[in-house]
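Everything on this sheet refers to the single structure shown next.
Small disclaimer: the values here were computed from a predicted structure and weren't measured.
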Amino acid sequence: MSLRDKLEQILPALLPESAAEAIKGKELIARVRRVLGDTYSDRSLLSRFSFMALDEGSCLARIPGGQGYFLRSPESEHSLHSMFEDGAAQEEGEDPVHMALATAVRLYDTAGLGVFVYPVEEESWHHPDLVAVQWPAGHYGEDGAYIIDDPDAGPTYRAVCLDFAEDADSCRRALYRALSCGLWAEETELLLFGCGENEDLAELGTRWGVGVRCIGSEDNGLPELPRADAMFRADASTARQLLQRLPQCLLSVPRHRPAPSPRSEAASPVLRWAEQCTARGRIEPFEMRVAAH
């Protein structure tokens with residue numbers, strides 16, 4: 001019997017039934033070892049957990065970003081975009097993934113960048129979680145819209161992936177996912193929540209040209225993030241104040257690529273959105289925040 005088959009048999013009895021009670025990888029390994037013994041290494045088990053969590057037919061579900069495992073059920077799916085809709089439920093506003101995504105959106109839009117969020121509900125190795133768009137030179141009109149001075153000039157793109165630091169392997173995996181998802185863009189960045197100074201990541205980020213920005217710290221874990229809906233809807237001044245309170249450190253700077261890899265099909269949605277904005281020569285305030293569709 002394969003390891004996957006063994007895990008499918010024993011995990012339903014070992015996993016918590018709700019995302020709120022999710023357990024981390026080390027705790028799940030300990031529970032599995034009490035049943036299977038020490039036949040399999042930690043690396044083998046974590047690798048198998050990761051593949052199973054991506055399989056909708058598996059009993060194992062993972063909170064996006066790798067912060068915990070629980071028993072999959074029809075209610076296990078997480079939407080990255082429910083926070084953008086009016087009347088978000090209490091549990092949606094406090095979901096750590098939603099909170100991290102809202103924080104990332106405001107991190108870039110308060111810096112004057114456009115933000116496109118991919119409307120997906122699971123981790124992808126083909127496209128990033130969001131894209132920060134640097135519009136061509138321009139100025140603000142009286143109504144607050146951004147007016148592009150040269151309509152023939154094109155925007156530049158920074159592909160951004162989000163993840164949560166669980167252990168050294170998960171951090172490395174997050175960096176290589178960011179590298180995979182951002183080859184088509186001029187710049188690539190990884191926002192890693194719950195991670196502090198890390199020489200290994202700093203070296204890898206510098207070598208591959210991936211910017212790595214840590215939010216939180218290794219000792220204290222995730223910072224105390226605002227509710228997702230509150231952060232997303234806050235005015236720019238309030239959002240900047242909230243962001244300034246978050247502990248951050250920059251491990252590596254994104255390397256600009258004047259001629260990135262050919263645009264992939266995965267990049268098409270954000271490219272169409274940005275082209276529509278620049279074709280009008282006018283970027284509306286909402287479009288400078290987020291386009292989820």
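- Every residue was checked against the salt bridge (charged side-chain N to carboxylate O under 4.0 Å, His left out) condition with E275, not counting sequence neighbours, and none meets it.
- Below 30°, between 30° and 60°, or above 60°: for H127 and Y118 the angle between ring planes is below 30°, a parallel geometry.
- Partners of D38 under the side-chain hydrogen bond (donor to acceptor under 3.5 Å, both in side chains) rule, at least two apart in sequence or in another chain, do not exist in this structure.
- With hydrogens and angles disregarded, no donor-acceptor distance shorter than 3.5 Å links the side chain of T278 to the backbone of G281.
- Under a cut-off of 6.0 angstrom, the local environment of NE2 in H126 is sparse, with at most 12 non-hydrogen atoms contributed by other residues, nucleotides or ligands.
- Using a 4.5 Å heavy-atom threshold, the side chains of Y40 and K6 count as touching.
- Atom CD of Q241 is separated from atom OG1 of T110 by 11.5 Å, given to the nearest 0.5 angstrom.
- With a 4.5 Å cut-off on side-chain heavy atoms, L243 and M231 count as touching.
- Considering SG of C214 and CG of L201, their distance stands at 6.5 Å, rounded to 0.5 Å.
- Counting only heavy atoms from C-beta outward, the side chains of F116 and Y157 never approach each other to under 4.5 Å.
- Closest heavy-atom contact between C181 and A159: O-CB, 4.3 Å.
- Annotation: side chain of R31 is not in contact with side chain of I10 (no heavy-atom distance under 4.5 Å).
- From N198, atom CG reaches atom SG of C171 across 6.0 Å, with rounding to the nearest 0.5 Å.
- Taking all atoms of both residues into account, the shortest heavy-atom contact from A165 to G194 is CB-O, 3.5 Å.
- Closest approach of V160 to L162, counting heavy atoms only: CG1-CD2, 4.1 Å.
- Side chains of R33 and T39: a donor-acceptor N/O pair is absent below 3.5 angstrom, by distance only.
- You'll find the side chain of L3 reaches within 4.5 Å of the side chain of L36, heavy atoms only.
- No hydrogens or angles considered: a donor-acceptor pair under 3.5 Å links the side chains of E189 and Y108.
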Trace of the salt bridge (charged side-chain N to carboxylate O under 4.0 Å, His left out) decision for E186 with R263: CA-CA 10 Å; E186 281 82 5; R263 307 297 195 194; 3.2 Å; yes
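- Both V32 and V35 are assigned to one and the same hydrophobic cluster, defined by single-linkage of ILVMFWY side chains at heavy-atom distances under 4.5 Å.
- Looking at every heavy atom in both residues, P262 comes nearest to W184 through O-CB, 4.0 Å.
- V253 and V212 are assigned to two separate hydrophobic clusters, defined by single-linkage of ILVMFWY side chains at heavy-atom distances under 4.5 Å.
- R72 places a side-chain N or O within 3.5 Å of a backbone atom of L60 that can act as its donor or acceptor partner.
- Taking the side chain to side chain contact (heavy atoms under 4.5 Å, CB included) definition, one finds that R272 meets it with S268, P269, sequence neighbours left out.
- The minimum heavy-atom distance linking I283 with C277 is given by the pair CD1-CB, 3.3 Å.
- In terms of modelled atom types and a separation under 3.5 Å, the side chain of R213 and the main chain of L251 share no donor-acceptor contact.
- Rounding to the nearest 0.5 angstrom, the gap separating the CZ atom in R257 from the CG atom in L183 is 6.5 Å.
- To the nearest 0.5 angstrom, E27 atom CD is 10.0 Å from L14 atom CG.
- With R255 contributing its side chain and R207 its backbone, the two residues share a donor-acceptor pair below 3.5 Å.
- Within the 4.5 Å cutoff, side-chain heavy atoms of L71 are placed close to those of C59.
- Transitive grouping of hydrophobic side chains (ILVMFWY, heavy atoms separated by less than 4.5 Å) brings L113 and L246 into a common cluster.
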Evaluate L28 against L15 for side-chain contact (heavy atoms from CB on, under 4.5 Å), listing each step before the verdict. CA-CA 8 Å; L28 184 54; L15 290 165; 3.8 Å; yes
Verdict with reasoning, L204 to V210, per side-chain contact (heavy atoms from CB on, under 4.5 Å): CA-CA 8 Å; L204 287 173; V210 176; over 6 Å; no
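- No continuous path of ILVMFWY side-chain contacts below 4.5 Å connects L250 to F164, so the two sit in separate hydrophobic clusters.
- Shortest non-hydrogen contact noted between G182 and T188 is O-OG1, 3.1 Å.
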Kindly determine whether D167 and L46 satisfy side-chain contact (heavy atoms from CB on, under 4.5 Å), including the steps that lead there. CA-CA 11 Å; D167 52 34; L46 284 172; 3.9 Å; yes
Check the pair F193, D163 against side-chain contact (heavy atoms from CB on, under 4.5 Å), reporting the backbone distance first and the verdict last. CA-CA 6 Å; F193 290 80; D163 216 319; over 6 Å; no
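- No donor-acceptor distance shorter than 3.5 angstrom exists from the side chain of R177 to the backbone of W125, with no hydrogens or angles considered.
- Under the 30°/60° scheme for interplanar angles, the aromatic rings of Y176 and W208 are found to stand perpendicular.
- T103 places none of its side-chain heavy atoms less than 4.5 Å from the side chain of L101.
- Contact annotation: the side chain of R158 approaches that of P254 to within less than 4.5 Å [non-hydrogen atoms, C-beta and beyond].
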For D109 and R106, what are the C-alpha separation, side-chain angles and deciding distance, and is it a salt bridge (charged side-chain N to carboxylate O under 4.0 Å, His left out)? CA-CA 5 Å; D109 78 358; R106 302 317 307 275; 3.0 Å; yes
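- Expressed to the nearest 0.5 Å, how far OG of S170 lies from CG of L192 amounts to 7.0 Å.
- Looking only at distances, a side-chain donor or acceptor of T206 sits under 3.5 Å from a matching main-chain atom of A202.
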